[in-house]
Novice: 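Let me give you the structure first, and then I'll get to my questions.
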Amino acid sequence: MNEDFMLRAIEIARESLSEPGALPYGAVVVKDGAIIGEGLNRSHGKFDPTSHGEVEAIRDACKRLGTPTLPGCDLYTSCEPCSMCVATMHIAGIERLYYASTIAESAVFFRRLAEHDPKWSRRMSALELQREVGLPMDQRAMPAERLLGELGQEVFDDFVARVS
């Protein structure tokens with residue numbers, strides 16, 4: 001672990017203080033002792049709920065390397081990541097995670113923001129999301145229904161046949 005990488009992630013998070021639409025969540029992707037991707041949460045500025053610091057750092061690293069996977073890479077983030085970001089890290093093949101603040105501290109941050117301005121109220125906190133995504137589909141709060149499963153499977157089968 002290199003504290004300089006965490007300091008950079010926190011420095012990126014601090015950039016949110018002067019950037020409208022940004023939130024204080026920064027991250028860096030590191031490979032072979034060098035930063036290869038950086039990201040800041042710009043979800044409100046971009047009107048993109050997936051624009052979290054970790055996801056943006058992974059996007060940046062993948063683009064720089066010209067690959068959708070990041071074997072041999074570590075991720076340093078200013079706050080323990082939400083479930084979406086953890087899933088993205090697994091899909092990209094991030095090998096190790098380092099974080100500063102906890103997801104519980106992030107929940108307190110959002111409660112404090114909401115006290116000042118209701119636009120910061122969230123339907124579901126990162127802690128609640130963490131519990132929710134681990135449930136089987138039929139036990140989740142969001143109703144879900146399977147439709148046309150056979151046709152969806154046909155596309156998979158056709159794709160495999162095309163590459164075979």
Novice: Look only at the side chain of Gln139 and the backbone of Pro136, and say whether a donor-acceptor pair between them is shorter than 3.5 Å.
Specialist: no
Novice: Mind checking the CG-OG spacing from Leu40 to Ser16? Nearest 0.5 Å is all I need.
Specialist: 6.0 Å
Novice: Are the side chains of Glu56 and Lys46 in touch, meaning some heavy atoms are under 4.5 Å apart?
Specialist: yes
Novice: Run the side-chain donor-acceptor check on residues 80-89: report pairs under 3.5 Å with partners two or more places apart or on a different chain.
Specialist:
unit_1: Glu80; atom_1: OE1; unit_2: Ile103; atom_2: N; d: 2.9
unit_1: Thr88; atom_1: OG1; unit_2: Met84; atom_2: O; d: 2.9

Novice: Please check if the side chain of Asp74 supplies one atom and the backbone of Val30 the other of a donor-acceptor pair under 3.5 Å.
Specialist: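 No: the side chain of Asp74 does not pair with the backbone of Val30.
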Novice: Does Arg42 use its side chain to pair, donor to acceptor, with the backbone of Gly21 at less than 3.5 Å?
Specialist: no
Novice: Tell me whether Thr77 contacts the main-chain N or O of Ala27 through its side chain, where contact means a donor paired with an acceptor under 3.5 Å.
Specialist: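 No.
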Novice: Report the relative orientation of the aromatic rings in Tyr25 and Phe110; use parallel for angles under 30°, tilted for 30 to 60°, perpendicular for over 60°.
Specialist: parallel
Novice: Do Asn2 and Tyr76 make a side-chain contact, defined as non-hydrogen atoms from C-beta onward lying under 4.5 Å apart?
Specialist: yes
Novice: Using 0.5 Å steps for rounding, measure from the CD1 atom of Ile91 to the CG atom of Leu70.
Specialist: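 With rounding to 0.5 Å, CD1 (Ile91) is 12.0 Å from CG (Leu70).
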Novice: If Ile, Leu, Val, Met, Phe, Trp and Tyr residues are connected whenever their side-chain heavy atoms lie under 4.5 Å apart, and connections chain through other members, are Phe5 and Val55 in the same group?
Specialist: no
Novice: Answer yes or no: are there more than 12 heavy-atom neighbours, outside Arg64 itself, under 6.0 Å from its atom CZ?
Specialist: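 Correct, the count exceeds 12.
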Novice: Any chance you could measure Ile12, atom CD1, to Ser78, atom OG, to the nearest 0.5 Å?
Specialist: 9.0 Å
